[in-house]
Amino acid sequence: MTDSDLRVGVIGVGMMGADHAERIAHRTSGARLVAVSDPDTARAGALAERYEGVRAVADPLALVADGDVDAVVIASPGFVHEEQVLACLEHGKPTLCEKPLTMDGESSLRLVRAEQSGGRPLVQLGFMRRFDPEYVRLKTLVDSGRLGRLLVLHNTHRNKDVPASFRSEMIVRDSLVHEVDVARFVFGEEITEITVYSPTPTSAAAEGVVDPQVSVFRMAGGAVVTNEVFVKNQVGYEVRCEAVCERGSAMAGRPWADLYTTAAGGDDGAWGGSIPADFRDRFALAYDRELQAWADASRRGVVVGPTTWDGYAATVVCEAGMESLVSGEPVAVRLADREGAG
Ligand code: ISE
């Protein structure tokens, strides 16, 4: 720890925020955890006590304004992101904002424009797959042209379980949003149309929830992306992405690089590895690299990785996806002019 360390405040210390707080406190060089805020003040207090020199601040906007906080991680729910990100922009503080950027395209666009009018990029979006070594290698391979043109991308995204309050729309907005970003990242193009299909739901799904969901994106260049999102698979966290090109394919996330084991079982032997329980395990390295890249860039006064525009585009695709979830029909994605006033 040195005087030039980036002093970081974390807003929202539930599952992901607490994980990021620990990462900043112990695994991010050049960064120091100094403050945390959460509507559950007891939770924030308990977390602050775990680390030396960390304060719990009740009001998240006071944390942003605090002169002893150089940069902010926002891991609160999406519906409070707009005012928190705006406050960070107003105070000129580098920010890492977890997805979704906001709950609808209009408010996300307001943040894009607010950042643009400030004259300097400040916000990195928390799309961690872009920092996962396998996704990075897949993207590098596709970009190298060695496999020829990229034709189709197949994404699989499964969670072991979610609470009954995790409704069909959340599967689009909170889960599929990652694949929206992956498609845009790997192709380097916008998504122009989305269709969300509703297969027969698993018997584990809460009443009225469409799980799994299968969706198809049409990319600006004409290619197609398929996605399966299944949030109650009862097994564990399985996330993969296969790029199908003219002369070969590449897959990230399968098999998960893990210890291969054999075991005596029943009449026969058995072999296997293990499936991570959730995203914190599977993407631990990606999160480490994401936070390190953010801290390094923040100290240099730049932004690397996904931007507010990426957050905005993902929000608009998900809005169209929620419309398609209801109708089952393809819905066009209409983005504002990237630099313009619209
Ligand atoms: C959660 O919010 C995440 O971001 C996870 O990566 C995703 O797998 C999960 O479905 C979401 O609820």
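Indexing begins at 1, ligand by ligand and atom by atom, following the structure's order. In this chain, numbering begins with 1 at the start of the sequence shown. FYI, side chains are in, hydrogens and waters are out, and symmetry mates aren't considered; it's all heavy atoms of this structure.
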Starting from [atom], what is the nearest protein heavy atom, named by residue and atom, and what distance separates them?
atom                    : answer
atom 11 (C) of ligand 1 : Asp174 O, 3.5 Å
atom 9 (C) of ligand 1  : Asn159 OD1, 3.1 Å
atom 5 (C) of ligand 1  : Phe279 CD2, 3.3 Å

>> Using a 4.0 Å heavy-atom cut-off, which part of His178 comes near ligand 1: side chain, backbone, both, or neither?
In response: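 The side chain, only.
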> Which is it for Tyr135 and Val182 under the side chain to side chain contact (heavy atoms under 4.5 Å, CB included) test, yes or no, and what are the steps along the way?
Replying inline: CA-CA 9 Å; Tyr135 277 76; Val182 163; 3.8 Å; yes
>> Suppose the criterion is side chain to side chain donor-acceptor pair (under 3.5 Å): which pairs have a residue in residues 194-215, not counting sequence neighbours?
In response: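 Counting only pairs at least two positions apart or across chains, the side chain to side chain donor-acceptor pair (under 3.5 Å) contacts touching residues 194-215 are Ser215-Asn227.
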> Which atoms of ligand 1 have any heavy atom of Phe166 under 4.0 Å away?
Replying inline: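 What qualifies from ligand 1 is 12 (O).
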> What atoms in ligand 1 come closer than 4.0 Å to a heavy atom of His157?
Replying inline: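 Going through ligand 1 atom by atom, the ones under 4.0 Å from His157 are 7 (C), 8 (O), 10 (O).
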>> Check this for me, if you would: do Glu189 and Arg184 make a salt bridge, where the nitrogen-to-carboxylate-oxygen distance has to be below 4.0 angstrom?
In response: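 Result for this pair is no, no salt bridge flagged.
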>> Using the ring centroid of each side chain, check whether Phe230 and His157 are separated by less than 6.0 Å.
In response: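 Phe230 vs His157: aromatic centres not under 6.0 Å.
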> Mind checking what makes side-chain contact (heavy atoms from CB on, under 4.5 Å) contact with Asp104, not counting sequence neighbours?
Replying inline: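 Glu106, Ser107, Glu319.
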> Would you say the side chains of Glu115 and Thr308 form a donor-acceptor pair under 3.5 Å?
Replying inline: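 Yes, Thr308 and Glu115 have a side-chain donor paired with an acceptor closer than 3.5 Å.
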> Can you find an N/O atom of Lys99 closer than 3.5 Å to an N/O atom of ligand 1?
Replying inline: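 There is such a contact, yes.
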